Amino acid sequence: MISTSPAPVLISPPLPDPLPRPPQPTPLGILASGKGSNMVAIAEAIAQDRLQAKIQVVIYNNPGAKVADQAETLGIPAILLNHRQFDRREALEHEIVMVLRQYGVEWVAMAGWMRRVTRILLDAFPQRVLNIHPSLLPSFPGVRAVEQALKAGVKVSGCTVHYAVLAVDSGPIILQAVVPVHPDDTPQTLQARIQAQEHRIYPAAIALATAAVSKSAIV
């Protein structure tokens, strides 16, 4: 009998089992613009004791974004900082940094945060700002990555967790997951399969990054 189950997804580098754990829960701040599915995935990993962290606050920039409702359901403070009310990116990020510090955040995870970062945030949390992108970077950076992949006719796509830097989607890579592209894929179907892998690798990447810093501090 031929198996109809999907082929295992390649995650690179392979994940250790169990994932490494820092000595204390890592205080996380989440930046999000939309539904908040990656934020929920991170929260679930924490609740299941797969990730040694605590989400201190969620900052979102779009009024009515569903991530605020998700955060409320999980008992996480959610703060609206509408980027349209700031005349410069730097002014917005000054406010973001102030809120993150107010809530005791040490690491920042951009989870569907549709804004370019500046030195204000990166200098406030050096080497501690993470981002997830729906492609196998360095291929297809920037907006509409899924559509870019389909237009290019690639056979595989995926997602990448990386450290944020000034250049968009260009920071050092922590984890990637490979997702096959089917001949009949639409942006919606491919995005759904990529997002399922985002939910797998983002908590793992946070665990790897935070534990590595904790280990180096001890050494």
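A quick note: this is a predicted structure, and the numbers were derived from the prediction, not measured. Index from 1, following the sequence.
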Before you tell me yes or no, could you show the steps for Val156 and Val179 under side-chain contact (heavy atoms from CB on, under 4.5 Å), namely the whole-Å CA-CA distance, both residues' side-chain angles and the distance that decides it to 0.1 Å? CA-CA 6 Å; Val156 295; Val179 174; over 6 Å; no

Under 4.0 Å between a Lys/Arg side-chain N and an Asp/Glu carboxylate O for Asp49 and Arg21? yes

Could you state the interatomic distance from CZ (Phe125) to CD1 (Ile96), rounded to the nearest 0.5 Å? 10.0 Å

When you look at Leu137 and His162, which way does the side-chain contact (heavy atoms from CB on, under 4.5 Å) test go after all the steps? CA-CA 9 Å; Leu137 294 173; His162 63 96; 3.6 Å; yes

Please find the pair of heavy atoms, one from Leu166 and one from Arg116, that lie closest to each other, and give the distance. O-NH2, 4.0 Å

Return the SG to CD1 distance between Cys159 and Ile201, rounded to the nearest 0.5 Å. 3.5 Å

Enter the distance from Leu74:CG to Glu44:CD here, rounded to the nearest 0.5 Å. 8.0 Å

Quick check against the 3.5 Å criterion: does Gln56 have a side-chain atom that pairs as donor or acceptor with the backbone of Tyr103? yes

Determine yes or no for a side-chain-to-main-chain donor-acceptor pair under 3.5 angstrom, with Ser170 supplying the side chain and Val168 the backbone. yes

Can you check whether His182's main-chain N or O pairs, donor with acceptor, with Asp185's side chain at less than 3.5 Å? yes

CG-CG distance between Leu19 and Asp17, expressed to the nearest 0.5 angstrom: 7.5 Å

How long is the gap from CD1 on Ile120 to CE on Met98, to the nearest 0.5 Å? 13.5 Å

Side-chain donor-acceptor pair present, Ser12, Gln176, cut-off under 3.5 Å: no

Assess the residue pair Leu130 and Val108 against the criterion (side-chain contact (heavy atoms from CB on, under 4.5 Å)); give the C-alpha distance rounded to whole Å, side-chain angles, the decisive distance to 0.1 Å, and a yes or no. CA-CA 6 Å; Leu130 308 182; Val108 181; over 6 Å; no

For Thr186, what residues pass the side-chain hydrogen bond (donor to acceptor under 3.5 Å, both in side chains) criterion, not counting sequence neighbours? Gln188, Thr189

Are Val97 and Val129 grouped together when hydrophobic residues (ILVMFWY) are joined by side-chain heavy atoms under 4.5 angstrom apart? yes

What pair of heavy atoms forms the shortest contact from Pro203 to Ala45, and how long is it? CB-CB, 3.5 Å

In the single-linkage hydrophobic clustering (I, L, V, M, F, W, Y; side-chain heavy atoms under 4.5 Å), do Val146 and Phe140 co-cluster? yes

Any donor and acceptor pair, going by atom type alone, linking the side chain of Glu198 with main-chain N or O of Ala111 inside 3.5 Å? no

Restricting to non-hydrogen atoms, name the atom on Ala205 and the atom on Leu175 that form the minimum distance, rounded to 0.1 Å. N-CD1, 3.6 Å

Quick one, Arg115 and Arg89 - any side-chain contact, counting heavy atoms below 4.5 Å? yes

Hydrophobic cluster identity match, Ile30 and Tyr163, side-chain contacts under 4.5 Å: yes

Looking only at heavy atoms, which two atoms of Ser33 and Asn61 are closest? And how far apart? OG-OD1, 2.6 Å

Glu147 versus Leu150: any side-chain heavy-atom pair under 4.5 Å? no

Within-4.5 Å side-chain heavy-atom neighbours: Leu100 and Leu121: yes

Could you state whether Met110 and Trp107 fall into the same hydrophobic cluster, counting links through intermediate Ile, Leu, Val, Met, Phe, Trp or Tyr residues with side-chain heavy atoms under 4.5 angstrom apart? no

Does Ile79 form a side-chain contact (heavy atoms from CB on, under 4.5 Å) with Tyr60? I'd like the steps, not just the answer. CA-CA 6 Å; Ile79 307 296; Tyr60 64 106; 5.7 Å; no

Evaluate the side-chain proximity of Gln24 to Thr210: yes if any heavy-atom separation is below 4.5 Å, no if none is. no

Regarding Glu93 and Thr118, is there a side-chain donor-to-acceptor distance under 3.5 Å anywhere? yes

Does Met39 belong to the same Ile/Leu/Val/Met/Phe/Trp/Tyr cluster as Leu80, with side-chain heavy atoms less than 4.5 Å apart forming each link? yes

Within a strict 4.5 Å, meaning less than it, do heavy atoms of the Asn82 and Asn62 side chains meet? no

Are Ile55 and Ile46 close enough that some pair of their side-chain heavy atoms sits under 4.5 Å apart? yes

Any non-hydrogen side-chain atom of Val105 less than 4.5 Å from a side-chain atom of Leu28? no

Can you name the nearest heavy-atom pair linking Arg84 to Pro63, along with the distance? NH1-CD, 3.9 Å

Counting only heavy atoms not in Glu72, do more than 12 sit closer than 6.0 Å to its CD atom? no

What's the shortest heavy-atom distance between Ser135 and Thr160, and which atoms? O-OG1, 2.6 Å

Would you check if Ser37 and His199 make a side-chain contact, meaning some heavy-atom pair closer than 4.5 Å? yes

